[in-house]
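Convention: sequence-line order gives letters A, B, ...; per-chain numbering from 1. Worth knowing before you read on, the calculation uses all heavy atoms, side chains too, and leaves out hydrogens, waters and symmetry mates.
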Amino acid sequence: MTTAVKDLSQDRQKQMISAHYAKLARAREDGRKVVYTFVPGNLTELLNNLGLLPVLPEINALQSGMRGKTGDYIHIAEKAGHSEDVCTYVKADIGMLKSGNVGPTGEPLPKPDLLLLSYTGCFTFLKWFELLKREYDCPVVMLHVPYQGDGRITEPMRKYVADQLRDEVIPALEKLAGRKVDYDLLREQLKLSALAENDLVWVLESAKHRPSPIDAYFGGVYYIGPIFTSFRGTTDAVEYYQLLHGEIQQRLDDGLGPVTPEGTLQEEKYRIVVEGPPNWTSFREFWRMFYGEGAVVVASSYTKVGGLYDRGFRHDPSRPLETLADYCMGCYTNLSLPDRINLLEKYINDYAADGFLINSVKSCNSFSAGQLLILRELEKRTGRSGGFIESDLVDPRYFSAANIKNRLESYFQMVEAKRARS
Amino acid sequence: MAITAGIDVGSGAVKVAVMNIDDCRETLSAHYLERIRRRDVMEVVEESLAAALRDAGLRRDQLDYIATTGDGDVIPWRTGHFYGMTTHSRGALYLVPESRAAVDIGALHTRAMRFDPSGRVLQYQMTSQCASGSGQFLENISRYLGISIDEIGPLSLSATDPEKCSSICAVLAETDVINMVSRGISTPNILRGIHNSMALRVAGLLRAIKVEGTILLTGGLARDTGLSAAIADKLKEGGGAGVSLATHELSVQAGAIGAAIWGAFRHGKLAKQQEATRGIT
Amino acid sequence: MDCFVGIDLGSTTTKAVIVDANGRIVGRGITNSRSNYDVAAQVARNEAFTNARFDMLGQALRHEAGIGESGAAFELALTAGYRHECFLGQLARLEDHCRRDLDSDRYTGDRRAMGHALEVIMDGIRKDAAAVYGGGAAARSDFFRDLAGASYIEHAAHVAREGGPAFDRLVGLFDRNIIPVENEQETRTFAQLLMAALDRVSDVSPAQRNAASGVLRRVAAADLREVSAVGTGYGRVRLPFPKENIRSEILCHGLGAHLLFPGTRTVLDIGGQDTKAIQVDENGVVTSFQMNDRCAAGCGRYLGYIADEMNIGLHELGPLALGARRRIKINSTCTVFAGAEFRDRLAAGQAREDIVAGLHRAIILRAMSLLARSGGIRNEFTFTGGVGRNAAAVKALAEVAQDNYGSLTINIATDSIYTGAIGAATFALRGAVQGAARN
Amino acid sequence: MSLATQEAPMAAGELADLVGSATRLYEDLELKAVRDWKANDPARRAIGFLPVYVPREVIHAAGALPVGIMGGGDQIEIVRGDSYFQSYICHLPRSVIELAVSGRLGALDGFVFPSICDVIRNLSGMFKVLMAEKWVHYLDLPQNFDRASGGKFYRHEMATIANGVSALTGIEVTNERLRDSIRLYNENRRALADLQALRVQSPWLVPATEYYLLLRASYLLPPEAHTQMVRDYMRLSRTSQRHAQDNIRVMVRGAFCEQPPLGLLRTLERAGCYLVDDDFVLGARFIPEPLPEDGDPWQALIDGFLYKSLPTASKYDVNATKEAEVVQRARDVRADGVLLIAPSFCDPALLDQPMLARALDKAGIPYTSFKYAEDTGQFQVIREQAGTFADAIKLWGTK
Ligand SMILES: Nc1ncnc2c1ncn2[C@@H]1O[C@H](COP(=O)(O)OP(=O)(O)O)[C@@H](O)[C@H]1O
Ligand SMILES: Nc1ncnc2c1ncn2[C@@H]1O[C@H](COP(=O)(O)OP(=O)(O)O)[C@@H](O)[C@H]1O
Ligand code: SF4
Ligand code: SF4
Ligand code: SF4
């Protein structure tokens with residue numbers, strides 16, 4: 001294996017993120033207002049438009065997980081009366097809050113001036129902000145995003161969201177910012193969003209090549225970073241994705257496989273589609289269980305939680321509120337279960353996968369409830385091997401490396417045996 | 001003044017305390033413990049009460065109140081029943097007046113409770129449906145190791161290099177333990193390792209109820225000096241300033257003692273009520 | 001003969017199977033894996049080779065003149081003699097360990113009494129063994145620990161009753177010293193043991209003996225060549241095998257079940273410490289599976305624990321449950337709590353049989369949940385693992401499966417405990433064939 | 001077609017008989033009562049709905065019988081239901097699936113899944129896959145409690161349900177029909193309010209299990225039959241020979257979806273607790289007050305939901321009012337303490353607990369909390385906890 005080289009895009013992303021945290025650290029001095037909000041259905045363009053700074057508690061939890069802090073945080077939350085059973089993102093956040101709310105840069109994060117509850121695809125979000133509301137006693141504005149129960153977005157649904165945006169969300173944000181939304185600017189932002197979205201889709205779809213130049217899960221979680229967080233609709237994001245596009249094009253031209261922490265993967269033995277979020281506390285170890293066996297993830301649903309673009313949706317500058325509504329309702333976690341099955345089936349076929357694997361996380365009912373049916377249906381429809389492992393997002397108690405490795409090994413052997421037969 | 005009996009029916013043993021209580025003094029006149037060992041529980045209860053009364057030099061009809069606790073609500077001739085945490089708290093307070101919390105580790109359950117100076121339970125936490133880390137668990141392990149229960153504590157205390165063992169099934173422990181023996185790990189190190197993992201859970205329970213001050217170990221495993229040392233260490237590790245662990249030779253009787261004391265309390269109340277009604281009529 | 005070995009290092013028992021170049025099973029070996037995995041694997045493998053030689057011996061004897069009609073009986077007697085020899089060897093080692101242990105400080109007070117008691121107990125065990133191997137009594141188990149243990153406890157109880165040292169103390173001596181014994185191997189060779197066994201066979205004329213000893217010598221000297229070996233099972237990572245010779249137990253079980261019953265589509269294996277539900281395709285390739293965690297509830301040990309609680313042998317549990325009349329739902333999940341619930345229910349006047357049947361049903365329901373998670377039950381349904389030997393468990397399984405998945409063929413093989421090892425041995429054979437083809 | 005043809009389930013007029021028939025309904029997992037009801041007229045349709053809240057009036061007005069699906073409790077063995085859910089998901093959906101795949105829900109012609117939590121939401125999709133031949137609808141109750149946006153959206157959601165059910169029954173939901181249905185359900189609301197008042201006044205007259213069974217009956221019976229049942233019960237219970245015991249009064253919160261088994265309720269009572277208020281079978285009294293019977297009936301239902309429904313964990317609490325409500329309610333029903341219970345792995349209920357606990361702490365109302373599952377069979381720990389809780393209040397009173 002060749003040694004890993006830091007790609008330019010990676011550096012770029014790092015810079016963007018630290019610049020954002022620097023802004024947050026200075027928010028109070030700079031007199032900027034801070035809004036806490038969630039990844040799925042986030043209204044980044046609106047917040048940027050008004051000069052508001054977003055904080056995404058899920059990202060904090062995830063990063064605390066990667067830095068090995070969540071064990072303690074969860075402990076603190078459980079001590080404060082939270083049940084062992086509930087979503088650990090919430091507990092990691094509560095624990096972090098109770099430990100001084102220190103962010104990944106080592107500086108405390110500013111308190112929210114507003115909680116923007118754009119509730120897409122997960123009921124726990126409601127509870128999460130109810131809890132934060134009681135900690136911070138700041139206003140909450142609620143955007144109810146209806147669920148695509150019947151597998152489509154209807155006009156009344158769209159109208160409901162757009163109405164809420166116009167009549168409740170935007171006025172609340174404007175009041176906080178002390179200025180009005182600049183709709184010309186908003187259209188400009190949405191145009192930039194769509195540009196970045198184009199490149200992101202190209203990058204994710206590059207995995208259709210053999211060998212795939214990317215790992216669409218372990219690498220993918222880095223690729224979605226900017227667009228899922230605070231940078232959608234900025235030139236920064238556009239440039240990042242251009243850079244990334246170029247780099248992946250280069251790998252394709254060179255016939256290279258994906259980058260892993262131990263350098264370029266030499267032999268693509270298994271092409272896998274993955275459903276479900278990764279584990280963050282043992283992310284590297286988890287990843288190694290894949291590339292160590294020559295497995296490459298060619299498509300994943302997790303990289304669609306903050307926006308699903310590969311079915312053609314792009315932010316549309318000509319109808320700003322409606323397009324934001326469609327974006328919110330279109331995130332992966334807001335899809336009905338039958339539709340999730342359709343999407344995964346399509347991935348398995350389009351990406352010529354050898355099999356698919358579900359990482360079921362204990363925390364997330366939104367993802368996990370029904371995954372076993374998804375497994376059965378996909379096996380039936382595609383005839384390919386399905387695997388099922390269980391872990392958690394950020395609770396180190398629920399990552400049993402030996403157990404998962406055992407299952408993955410058996411699973412890859414199963415894929416191998418099945419392939420040998422057909 | 002009241003003479004009362006407290007009967008604590010556990011899943012491993014029956015405990016009986018006979019007490020003599022007047023306004024200013026509570027005196028334990030006799031106590032008795034009998035392990036159930038796969039026998040009919042009611043038989044053991046009868047036997048134990050008889051033995052305790054004999055030791056106290058009393059007849060059954062001299063008792064003012066028979067209070068049960070634990071699974072004792074199946075005893076038809078009881079006067080009243082109090083629940084385990086109510087009685088263990090009161091018992092703990094009797095045995096060690098400065099205690100403000102207790103951990104009762106019995107054959108199947110572990111429970112931690114915090115109480116105020118009057119014995120009122122303020123907060124508690126119990127383990128539930130898994131016997132890992134219970135008294136029965138330890139008993140099983142000692143059997144696989146070929147040692148008697150009373151040897152567990154002293155052996156554990158002599159450990160030099162405790163083996164790390166995390167959540168072990170009380171039943172499958174056999175394999176793990178035999179495995180450790182095969183790997184050449186000494187009995188003390190195995191025992192202390194197990195004590196450490198049990199202590200971790202206990203410390204977790206205690207932390208959950210935010211204890212401060214003196215904690216008394218009650219229940220059968222209070223006699224296990226190895227376990228109490230392990231718990232004390234864990235509490236220290238957890239930065240448990242202001243927390244200290246106590247044991248008492250009668251710790252196992254805490255539930256029965258507590259029941260007997262509450263029995264006297266209720267007896268007094270009932271008597272007053274009767275007086276009051278008599279006064280009216 | 002070329003031999004391909006499969007070793008299934010289970011949590012309770014270790015199994016070894018040998019197949020020949022045609023894939024025919026020629027040898028089986030099983031031992032307790034409670035202690036040392038390496039030793040267990042070695043013992044099981046040796047036993048499988050012994051078994052293979054006995055297999056050859058049986059064939060040879062059938063063709064040998066001079067032994068004649070009584071060949072089968074002779075073979076049986078010889079096998080028993082062989083086992084008896086092995087047993088006595090282990091017993092001698094146990095006694096040795098116990099004696100050394102008695103020199104420790106622990107026994108300063110009662111060393112003489114304990115020593116004397118030990119002598120009496122050992123004599124008793126030797127007598128029991130003679131009866132068992134002489135065909136006069138039924139063996140409770142195949143394993144030294146169980147056999148010697150049962151016998152030891154009986155005699156220890158007697159000694160204690162007669163005023164000897166306390167029962168707990170005597171049992172403690174056994175429990176402590178059985179572990180090293182299980183970690184040691186037989187030092188005598190197959191040929192030595194076989195000759196000793198021959199001396200134990202009483203019913204033969206000198207001529208027969210002569211004829212037989214020639215065959216024995218030949219078989220003992222026969223060249224059994226281990227071409228390759230594949231390891232599997234719970235403890236497989238501990239095996240000193242290269243990575244490509246270690247297979248997941250799921251795959252081995254799937255293949256093994258397929259080899260035993262080619263129509264198999266769903267496999268349920270309830271072993272001592274784990275339970276697996278496996279779906280296989282028409283070639284025996286695993287398509288999906290589920291396993292349980294390290295919790296005794298739901299595997300064989302659950303029943304073992306209950307049997308211990310009731311103070312009866314594991315093999316008596318099933319027949320007892322078959323006598324049930326009423327259906328009882330056991331509320332406790334945990335094995336230990338179930339034991340307590342058992343006593344509570346007995347105290348409440350419920351019938352033993354009914355409760356025990358309820359416990360059997362509980363373990364089957366847990367397995368059902370695992371099966372459901374792996375994709376349900378499809379025809380044919382093969383039930384493997386040690387619990388397959390328990391008739392009441394099989395009955396409960398058949399009922400629940402029938403009620404929920406309709407009419408099914410349920411396969412249970414006498415060899416089912418070897419399923420994983422059979423799969424592993426076949427993988428060894430296939431791997432060797434493929435390797436040869438590649439070179 | 002009228003729903004009123006079902007004869008009243010009362011025969012002998014004895015309390016035991018009445019409770020017996022409520023028990024039979026509770027045990028009726030095969031939905032025999034629904035089959036019988038449908039057998040009277042081949043045109044009849046029945047619609048199943050999941051816990052917490054659906055506007056039953058709309059289904060009823062479309063000529064169908066709304067039937068509550070509350071899981072299988074501890075009455076069924078889960079054999080196939082486990083193949084759909086991991087161990088860390090609550091128990092209710094697996095028993096619902098078990099009921100479905102074993103054919104026990106065959107009497108139902110359609111299903112409505114109200115938005116409660118992610119589990120129920122995904123379950124609606126699973127029903128769409130598994131029961132492709134049936135009408136399955138996810139009812140997205142508004143989490144925005146404003147007439148202009150949430151109200152408008154809700155009107156739309158109700159219309160979808162009305163159309164869906166009408167397509168099955170051939171009966172259109174006219175304003176007239178809807179007002180009639182509201183009237184019938186209002187009667188039921190009044191009866192349940194009276195029953196609740198009786199229980200607060202004399203809890204020994206309304207044991208927890210009986211109260212619970214009566215509520216459950218409302219999920220299988222036509223509204224007028226159920227109203228009758230409740231009225232009969234009260235009459236009989238008032239004249240019964242039941243006496244007060246030395247128990248404390250408790251209020252229960254957290255059981256709005258997966259239901260505790262009867263054994264648990266019995267355990268609580270045996271451990272010395274009278275239940276004087278709870279949130280079991282919440283959908284039966286989610287909007288406790290009668291709704292306006294004239295004017296726009298849709299608006300009546302909308303306003304009922306937006307402004308008059310009870311707070312519960314599955315409903316977003318805009319202004320952080322749930323704490324005040326719990327404290328107020330506990331005082332109103334003169335509860336000595338509160339049991340915060342929750343099904344294992346139920347995120348909504350469990351995430352609510354710390355908020356409620358803090359409020360109770362502040363108000364000086366004792367509380368204790370524990371988890372259960374609908375098929376919990378072991379009550380030892382629960383008994384200990386509830387018993388200790390009751391002991392403490394009996395020995396020291398409430399501060
Ligand atoms: N010295 C000791 N060391 C360790 N365990 C002990 C000791 N003495 C008693 N025990 C254990 O205590 C348990 C019984 O405790 P007890 O509090 O009476 O339980 P319960 O109330 O559930 O019957 C038994 O499991 C027993 O093995
Ligand atoms: N004769 C028997 N009767 C009933 N159960 C038995 C019998 N023999 C073995 N078992 C059961 O089988 C289990 C061991 O199964 P096995 O498949 O050997 O386990 P593993 O593969 O985990 O080592 C024991 O725990 C026991 O419950
Ligand atoms: S339940 Fe899932 S989607 Fe919701 S907050 Fe937790 S991890 Fe995120
Ligand atoms: S792990 Fe062991 S002790 Fe725990 S529930 Fe399972 S059988 Fe019981
Ligand atoms: S019990 Fe809780 S988690 Fe389960 S379906 Fe109901 S609300 Fe959802």
Residue among [options] with most heavy-atom pairs under 4.5 Å to chain D:
options                               : answer
A:Arg376, A:Met157, A:Glu390          : A:Glu390
A:Lys133, A:Glu130, A:Arg340          : A:Glu130
A:Val361, A:Val90, A:Asp163, A:Val140 : A:Val361
A:Gly370, A:Ala80, A:Ser366           : A:Ser366

Which portion of [X] sits near chain A, non-hydrogen atoms under 4.5 angstrom:
X        : value
D:Ile89  : side chain
D:Pro93  : neither
D:Leu141 : backbone

For [X] against [Y], the heavy-atom pair lying closest together:
X        : Y        : answer
A:Asp85  : D:Phe345 : OD2-N, 2.7 Å
D:Asp347 : A:Val86  : OD1-CA, 3.6 Å
D:Ser115 : A:Phe123 : CB-CZ, 3.6 Å
D:Phe153 : A:Pro156 : CD1-O, 4.4 Å
D:Arg121 : A:Cys122 : NH1-N, 3.9 Å
D:Lys371 : A:Ser83  : NZ-OG, 3.8 Å

Pick one of side chain, backbone, both or neither for [X], based on which atoms fall under 4.5 Å of a heavy atom in chain D.
X        : result
A:Phe129 : neither
A:Ser336 : neither
A:Lys91  : neither
A:Val161 : neither
A:Ile374 : neither
A:Ser363 : backbone

Less than 4.5 Å apart, side chain to side chain, heavy atoms only: is that true for [X] and [Y]?
X        : Y        : value
A:Leu372 : D:Asp82  : no
A:His82  : D:Gln353 : no
D:Tyr88  : A:Ser360 : yes

D:Trp298: partners by side chain to side chain donor-acceptor pair (under 3.5 Å), with sequence neighbours left out
D:Asn175
Quiz: residues 141-153 of chain A side-chain donor-acceptor pairs under 3.5 angstrom, not counting sequence neighbours:
unit_1: A:His144; atom_1: ND1; unit_2: A:Tyr160; atom_2: OH; d: 2.7
unit_1: A:His144; atom_1: ND1; unit_2: D:Gln143; atom_2: N; d: 3.1
unit_1: A:His144; atom_1: NE2; unit_2: D:Asp140; atom_2: OD1; d: 3.4
unit_1: A:Tyr147; atom_1: OH; unit_2: A:Leu335; atom_2: O; d: 3.1
unit_1: A:Gln148; atom_1: OE1; unit_2: A:Arg152; atom_2: N; d: 3.4
unit_1: A:Gln148; atom_1: NE2; unit_2: A:Met329; atom_2: O; d: 2.9
unit_1: A:Asp150; atom_1: OD1; unit_2: D:Lys128; atom_2: NZ; d: 2.4

Pair A:Leu373, D:Leu130 - check side-chain contact (heavy atoms from CB on, under 4.5 Å), show working.
CA-CA 9 Å; A:Leu373 180 68; D:Leu130 292 169; 4.0 Å; yes
When heavy-atom pairs shorter than 4.5 Å are enumerated against chain A, which of [options] gives the highest number?
options                                : result
D:Glu157, D:Lys315, D:Lys152, D:Lys322 : D:Lys322
D:Asp146, D:Val119, D:Asn122, D:Ile120 : D:Asn122
D:Gln86, D:Glu323, D:Arg358, D:His156  : D:Gln86
D:Asp352, D:Leu123, D:Val136           : D:Asp352

Reported CG-to-SG distance for the pair A:Asn365 and D:Cys90, which is rounded to 0.5 angstrom
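Separation between the atoms: 7.0 Å.
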Could you tell me the separation between the OG atom of D:Ser87 and the NZ atom of A:Lys362, rounded to the nearest 0.5 Å?
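Interatomic distance, D:Ser87 OG to A:Lys362 NZ, rounded to 0.5 Å: 9.0 Å.
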Could you walk me through whether D:Phe127 and A:Leu337 pass side-chain contact (heavy atoms from CB on, under 4.5 Å), step by step?
CA-CA 10 Å; D:Phe127 263 59; A:Leu337 198 101; over 6 Å; no
Side-chain (A:Lys127) to main-chain (D:Ala313) donor-acceptor, under 3.5 angstrom
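Checking the backbone N and O of D:Ala313 against the side chain of A:Lys127, a donor-acceptor pair under 3.5 Å is found.
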Just checking A:Lys111: does its NZ atom have more than 12 heavy atoms from other residues, nucleotides or ligands closer to it than 6.0 angstrom?
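Atom NZ in A:Lys111 is not packed in, count stays at 12 or less.
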At under 4.5 Å between heavy atoms, what parts of residues 165-176 of chain A are in contact with chain D? List them by residue number.
A:Glu168
Sorted by chain and number, sequence neighbours left out, salt bridge (charged side-chain N to carboxylate O under 4.0 Å, His left out) with D:Arg329 holds for D:Asp277
